[in-house]
Asker: 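Below: one structure in structure tokens.
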Amino acid sequence: MSNLDNLKQEFNKNLSQISNSEQLTALHIKYLGRNGLINDLLKKIKEIPNEEKKQYGTQVNLLKKEIEEKINAKTKELSSKKSDKFFDKTMPGKQYPKGSSHIISYAIEEITKIFEKISFIRVSYPEVDWEYSAFESLNMPKGHPARDDFETSYIDTPPHPKFGKMVLTPHTSNGQNREMRRVKNPPIRMINISKCYRPNWDATHTPMFYQFEGLCVDKDINITNLKGTLDYFAEKYFGRGTKTRLRPHHFQFTEPSFEVDVTCTVCKGSAKVNGKKCKVCKSGWLELGGTGMVHPNVLKEGGINPNEFTGWAFGFGIERVIMMKYGLDDIRNYYGGDIRFLEQF
Ligand code: DAH
């Protein structure tokens, strides 16, 4: 038997004993590696008499090819065995983490739905607006000290002859005049939700924040309607049994004007928790924001006859109502991006 036949027999025997991929790799190296047995045979070609060289070379190459094919076949056989391994179909699948709405987006959605149920229309007016929409149209002429309360940021562009400079709107009341002019003929039932800007930064203020503004204009609208709507909102948003109260106040754009309080979500208005003074409210009440009957000048400026129509308006902070609802004490968490805080809602 020739050398080649011996090698072939030897290989077939080795191959028949292979049962895993490590062994197969070793076999591959032994026969086909750089210093493997096939290369040894090829190197020996020098010693072969010239007239036999060609035949010898062909035979070695044929044997090499045969070994390669058999090793490839064995590789396939071993890998297909792997997939025969027991697969438990009843094992629970991998859970991928799910995203969720940001706490602010969630509150905006909730508030919108509450007002849509009583036929208010959600609108969104510019965050970068004219002084006219933010002030003049709201009975706050140029130089009026009440404008200072808002500490407004101005945009560095040439002023408009009628509308004045551009501002980052300091409140959503800028939507009142725009909505009156859009609708033209009352009834108006608006809920305007938007970002607002004032240069404050502490535990209860961020320079960018959200407000929601209600505006209702129609024939015979009065404070009873306002109080009823506020009670409805407070019950729906903060929970059953929440009450509201109005305290006299002053705003340029409403007359009379009020501040609205709601019963504290922690002590439910009793001012006491386990016999001690409630730490959250101290009085049983928490301040929600400003409201009042729309000033006749504001109606006139919006193209509405104040002798025919009356209305009320309110403006509340979204971050504030969330803090009241969940008893949170630092508004900066909303925008800090700490996922552990945000995941809780
Ligand atoms: N714009 C006021 C503010 O940001 C809130 C406000 C008060 C809005 C009374 C109103 C209102 O519509 O009637 O402080």
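Counting starts at 1 for both ligands and their atoms, following the listed order.
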Asker: Is there a polar contact between ligand 1 and T291, counting only N or O atoms under 3.5 Å apart?
Answerer: no
Asker: Salt-bridge test for E151 and R198: reply yes if a basic N is under 4.0 Å from a carboxylate O, no otherwise.
Answerer: no
Asker: Quick one: closest heavy-atom pair of L78 and S19, and the distance?
Answerer: CD2-O, 3.6 Å
Asker: Taking atom 12 (O) of ligand 1 as the point of reference, which of H295, E259, E213 owns the nearest heavy atom?
Answerer: E213
Asker: Need the ligand 1 atom indices (1-based, order shown) with element for anything under 4.0 Å from a heavy-atom of Q176.
Answerer: 12 (O)
Asker: Which ligand 1 atoms does F251 reach within 4.0 Å, using its non-hydrogen atoms?
Answerer: 7 (C), 9 (C)
Asker: Are the charged groups of E131 and R147 less than 4.0 angstrom apart, N to O?
Answerer: yes
Asker: Relative to the heavy atoms of S173, which atoms of ligand 1 are at a distance of less than 4.0 Å?
Answerer: 1 (N), 8 (C)
Asker: Is it the side chain, the backbone, both or neither of M293 that has a heavy atom closer than 4.0 Å to ligand 1?
Answerer: neither
Asker: Answer yes or no for G292: is there a heavy-atom contact with ligand 1 below 4.0 Å?
Answerer: yes
Asker: Is the ring centre of F115 less than 6.0 Å from the ring centre of F314?
Answerer: yes
Asker: Looking at R122 and E116, does any basic side-chain N land under 4.0 Å from a carboxylate oxygen?
Answerer: no
Asker: Is there a heavy atom of F150 sitting under 4.0 angstrom from any atom of ligand 1?
Answerer: yes
Asker: Quick check: closest heavy atoms across D129 and N174, and the distance to 0.1 Å?
Answerer: OD2-ND2, 3.0 Å
